[in-house]
Amino acid sequence: MKPIVEGMGLDWDTQKKKIGSHHLLSSCKVNSTFQMIGDDQEREHIMLPLNRVPMWLITIQPNKVPDPATRARVVEFQEQVPDVLFNHFFGKAIAAGEHLNAQQTGGIFKAGLGKLKRELLAEIAPQFAALAEELRTIHRPVGVAVVTHRTAKRWLDHYGITKRPRGLVRRVSNALMRQSIRMGYTVSYTAEEEVRSFHEVVANAYFSTGPGRHLLPKAVKGQKEMGLGASPVPFAQTPARTA
């Protein structure tokens, strides 16, 4: 680990202490004495299994990495970690898209939840059970082509949000991901670019009454405060159902 740490421009003594104090890293680290290539004698080295190195990378503070290119790679890696973890537990439901029926989708969710430890599910299991039951009652009208999912960028376009500081689309995408999980809606991916797309009900809740409301143009905010219809007109809060 020392050549990796120093190669990134980080302080080895600091990272050595971190590895020794972290319960997941310290439990698998190995101390071994051997002669590294280019060295003139044997020394004691600390090693980690390859499957624990990503865990160590998550703990790195990017602002501690002096080289801009290396720092950018660390940030890029850390930004992908939440999606990788989410796909590990719920990836089957995401990959299923809309070609499975509601009962099959509910079954996939149930199978994915089985991977989580029981104690972590004690509080949220009833909510997912209710979601699975709700999915079985939802039907899409036959013969009606309706766009129900859009990417974060398209939802910003839809709500007329043209002022976009750097990184806004990514932050809104992550926020809509969390909103989808809370509301129990599946996140889809566009076929061409593999970009996340979100249900209209989730976007409406986020931009109308949720944290995204402050992003709306002043004209839209004013209409909402006066009780007038917003422009664009928001979607219904719940999807259409059959009796």
Side-chain angles (χ1 to χ4, degrees), residues 1-96 108-125 127-128 152 167 169-182 186-189 193-196:
M1 290 302 299
K2 184 177 181 180
I4 296 176
V5 170
E6 293 181 338
M8 295 173 63
L10 298 172
D11 179 68
W12 168 239
D13 288 336
T14 300
Q15 296 303 317
K16 180 180 179 180
K17 292 178 182 177
K18 179 190 294 184
I19 293 173
S21 61
H22 195 288
H23 69 286
L24 287 179
L25 300 178
S26 62
S27 63
C28 62
K29 74 181 181 72
V30 176
N31 291 12
S32 181
T33 301
F34 57 93
Q35 183 174 340
M36 292 279 288
I37 297 177
D39 202 349
D40 58 354
Q41 61 179 319
E42 292 186 347
R43 303 179 192 274
E44 185 180 57
H45 298 278
I46 293 177
M47 298 179 292
L48 287 178
L50 283 177
N51 64 352
R52 288 295 188 269
V53 174
M55 182 66 203
W56 169 75
L57 284 171
I58 296 173
T59 69
I60 297 299
Q61 292 291 340
N63 58 359
K64 301 293 185 181
V65 181
D67 180 68
T70 305
R71 187 188 315 127
R73 294 295 300 275
V74 172
V75 171
E76 180 184 7
F77 171 84
Q78 292 179 345
E79 287 177 343
Q80 294 181 37
V81 168
D83 289 342
V84 172
L85 292 175
F86 182 84
N87 288 337
H88 172 72
F89 292 109
F90 302 100
K92 289 184 178 180
I94 293 175
I108 291 173
F109 264 107
K110 184 177 180 181
L113 290 174
K115 297 182 180 180
L116 298 174
K117 292 185 178 180
R118 293 182 180 274
E119 57 269 27
L120 296 179
L121 286 174
E123 296 182 2
I124 63 173
Q127 300 176 27
F128 278 98
V169 173
R170 176 173 53 81
R171 291 195 298 271
V172 170
S173 179
N174 292 336
L176 289 173
M177 168 72 82
R178 294 189 292 269
Q179 184 88 13
S180 299
I181 297 172
R182 286 194 297 269
T186 300
V187 177
S188 301
Y189 281 77
E193 303 174 359
E194 288 295 319
V195 178
R196 292 180 295 199

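Just so it is clear, the structure is predicted and the values come from calculations on it, not from any experiment. The first residue of the sequence shown is numbered 1, and numbering continues consecutively from there. FYI, side chains are in, hydrogens and waters are out, and symmetry mates aren't considered; it's all heavy atoms of this structure.
- A 4.5 Å side-chain heavy-atom check between W56 and Q15 finds at least one atom pair inside the cut-off.
- With a 4.5 Å cut-off on side-chain heavy atoms, H22 and M55 count as touching.
- Interatomic distance, CD1 of I19 versus CH2 of W12, reported as 5.0 Å (0.5 Å rounding).
- Looking only at distances, no side-chain donor or acceptor of Q80 sits under 3.5 Å from a matching main-chain atom of V84.
- Annotation: the span from N31 atom CG to E44 atom CD amounts to 4.5 Å, rounded to 0.5 Å.
- If you take CZ on R52 and CG on L25, they are separated by 8.0 Å, rounding to the nearest 0.5 Å.
- Shortest non-hydrogen contact noted between R43 and Q41 is NH2-NE2, 3.1 Å.
- Taken from CG in L176 to CD1 in I181, the straight-line distance is 11.5 Å, to the nearest 0.5 Å.
- Summarising the geometry of K29 relative to G20, their closest heavy-atom pair is CE-CA, 4.2 Å, with the distance given to 0.1 Å.
- Between M177 and R196 the shortest side-chain heavy-atom distance falls below 4.5 Å.
- Annotation: L50, atom CG; neighbour count of heavy atoms from other residues, nucleotides and ligands within 6.0 Å does not exceed 12.
- Checked by atom type and distance alone, the side chain of Q78 pairs as donor or acceptor with a backbone atom of I60 at under 3.5 Å.
- In this structure, K18 contributes its side chain and T59 its backbone to a donor-acceptor pair below 3.5 Å.
- The structure places CD of Q179 at 4.5 Å from CZ of R182, a figure rounded to the nearest 0.5 Å.
- In this view, V169 and A152, K153, L156 satisfy the side-chain contact (heavy atoms from CB on, under 4.5 Å) rule, not counting sequence neighbours.
- Two residues are said to be in side-chain contact when any heavy atoms from C-beta on lie closer than 4.5 Å; C28 and L48 meet this criterion.
- Residues M8 and V74 are in side-chain contact: their nearest non-hydrogen atoms beyond the backbone lie under 4.5 Å apart.
- Counting only distance, with no hydrogens or angles, the side chain of R71 and the backbone of P66 share a donor-acceptor pair below 3.5 Å.
- The distance from the CG atom of D39 to the NE2 atom of H45 is 6.0 Å, given to the nearest 0.5 Å.
- Residues satisfying the salt bridge (Lys or Arg N to Asp or Glu O under 4.0 Å) criterion with D11, sequence neighbours excluded, are absent altogether.
- Side-chain contact between I46 and K2 is absent, with no heavy atoms from C-beta onward closer than 4.5 Å.
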